[in-house]
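Below you'll find the structure, written out as structure tokens, and then a few comments.
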Amino acid sequence: MTSPAPRLFPQISIMPDASSLDIANLPRHIAIIMDGNGRWARERGLPRVMGHKAGARTVQETVRTARELGIGALTLYAFSTENWQRPPQEVKTLMGLLKTYLQSELEKLLQQDIRLCCLGEMAKLPRDVRQVLGEVIDKTAGAQGMTLNLALSYGSRDELVRAMQRLASKCAAGEFDASAITEEMVSRQLDTAGQPDPDLIIRTGGEYRLSNFLLWQASYAEIYVTETMWPDFSREVFYEAIRNFQQRQRRFGRTGEQTPARLATT
Ligand code: IPE
Ligand code: IPE
Ligand code: MG
């Protein structure tokens, strides 16, 4: 019997499906930088807003897929602290889409036992968005099937500054000495407090950068970049990212010999 020819492009496979995934070795926490809405629209001669509308549908499908797979936490980077600098009309459209998404998703989130959390400075969001966001967060607070973190007006540096300010206030109040601050104490001050660090960060749209996303939490995340623009991100591309993750050897600073071949999570 001849062995099959080695694949030239190991990241590309035909028709990946859930059966090709190792369900016992899934990432506990997946974070996605949902990029490429504008380019997707431009490629079709459409205004950028149409890309964002199409992207909102992809959010719904991706949440459902993650829940079906049994992923513990899914974080979606939806709006960065830097995105406030975009043209006011685009910001307004994005905020409107966010509100519509939250209003239409509440029932589905409850049905799927998904808890919604927000990373970022909610106080910077328009009042009406803040209200509906607060309502969905409250109503889904008891759900245990999956945590869905929406990163909104989120910047990792802003998150770290806020964490440092709180720790500094506690020091000044005499709660503890600065030399007693540990990594765990810093983690507990972040918007992701109590959640595991992301095991896998997926970025759509082909850029190899983090764009101020989870800089602390991403210390040992595996990163997967796909050229697929966010509105085209499908179940197949999602599975492919996870499959690729499952082929990585996560060494966490140790040698390969010290590490089990496929250690998906810590
Ligand atoms: C991601 O798509 C959505 C947000 C950042 C809000 P973009 O709007 O950044 O799309 P591109 O990168 O311009 O194609
Ligand atoms: C990152 O995308 C932020 C979100 C996906 C919300 P950007 O389009 O803002 O990132 P840059 O500007 O290309 O780094
Ligand atoms: Mg972009």
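These values consider heavy atoms only, across backbone and side chains, with no hydrogens, waters or symmetry-generated copies. Indexing begins at 1, ligand by ligand and atom by atom, following the structure's order.
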Side chains of Gln217 and Thr192: is there a donor and an acceptor less than 3.5 Å apart?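 On atom types as modelled, these side chains qualify, holding a pair under 3.5 Å.
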Are a donor atom and an acceptor atom from the side chains of Thr93 and Arg48 found within less than 3.5 Å of each other?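 Short answer, no.
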Can you tell me how far the CG atom of Asn37 sits from the NE2 atom of His52, to the nearest 0.5 Å?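 Here the interatomic distance stands at 5.5 Å.
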What distance separates Ser80 OG from Tyr154 OH, expressed to the nearest 0.5 Å?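 Interatomic distance, Ser80 OG to Tyr154 OH, rounded to 0.5 Å: 11.0 Å.
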Proximity flag Arg86 to ligand 2, non-hydrogen atoms under 4.0 Å: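 In this structure, Arg86 qualifies as a contact of ligand 2 - some heavy atom is under 4.0 Å.
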Got the closest protein heavy atom to [atom], with its distance?
atom	result
atom 14 (O) of ligand 2	Ser211 OG, 2.6 Å
atom 1 (C) of ligand 1	Met34 O, 3.0 Å
atom 10 (O) of ligand 1	Gly38 N, 2.9 Å

If we only consider heavy atoms of [X], is any one of them less than 4.0 Å away from an atom in ligand 1?
X	result
Ala78	yes
Gly205	no
Glu207	no
Arg42	no
Met229	no

Salt bridge between [X] and [Y], side-chain N to carboxylate O under 4.0 Å?
X	Y	answer
Arg39	Asp232	no
Glu61	Arg64	no
Lys108	Glu105	yes

Identify, by atom number and element, the atoms of ligand 2 in contact range of Phe79, meaning under 4.0 Å from any of its heavy atoms.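 Counting atoms of ligand 2 from 1, those under 4.0 Å from Phe79 are 6 (C).
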Give the atom numbers and elements of ligand 2 that come within less than 4.0 Å of a heavy atom of Arg203.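 So the atoms of ligand 2 that pass are 2 (O), 10 (O), 11 (P), 13 (O), 14 (O).
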Numbered atoms and elements of ligand 1 in range of [X], under 4.0 angstrom, heavy atoms:
X	result
Arg48	7 (P), 8 (O), 10 (O), 13 (O)
His52	3 (C), 8 (O)
Asn83	5 (C), 6 (C)

Arg39 N/O to ligand 1 N/O under 3.5 Å: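 Yes.
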Using modelled atom types and a 3.5 Å cut-off, is there a donor and acceptor pairing between side-chain atoms of Arg251 and backbone atoms of Gly256?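 The answer is no, because no donor-acceptor pair under 3.5 Å joins these two groups.
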When you measure from the side chain of Gln103 to the backbone of Val132, do you find a donor-acceptor pair of N or O atoms at a distance under 3.5 Å?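 Side chain of Gln103 to backbone of Val132, a donor-acceptor pair under 3.5 Å: no, none is there.
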Of all N/O/S atoms in Asp35, which lies nearest to the Mg ion (ligand 3)?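 Closest N, O or S atom of Asp35 to the Mg ion (ligand 3): OD1.
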Give me the ring orientation class for Trp84 and Phe79: parallel if the planes are under 30° apart, tilted from 30 to 60°, perpendicular past 60°.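 It falls in the perpendicular class, over 60°.
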Heavy atoms only: which of Leu94, Ile33, Asn37 lies closest to atom 2 (O) of ligand 1?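 Among Leu94, Ile33, Asn37, the closest heavy atom to atom 2 (O) of ligand 1 belongs to Asn37.
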Taking all non-hydrogen atoms of both residues into account, name the closest pair between Thr140 and Leu116 and its distance.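 That closest heavy-atom pairing would be OG1-N, 3.0 Å.
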Mind checking whether Phe213 contacts ligand 2 via backbone (N, CA, C, O), side chain (CB onward), both or neither, at a 4.0 Å heavy-atom cut-off?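 It is neither; nothing of Phe213 touches ligand 2.
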Backbone or side-chain N or O of Arg209 under 3.5 Å from ligand 2 N or O: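 So ligand 2 has an N or O lying under 3.5 Å from an N or O of Arg209.
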Under the criterion side chain to side chain contact (heavy atoms under 4.5 Å, CB included), which of Leu102, Asp138, Leu98, Asp128 is the partner of Leu133?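 Of Leu102, Asp138, Leu98, Asp128, side chain to side chain contact (heavy atoms under 4.5 Å, CB included) with Leu133 is met by Leu102 alone.
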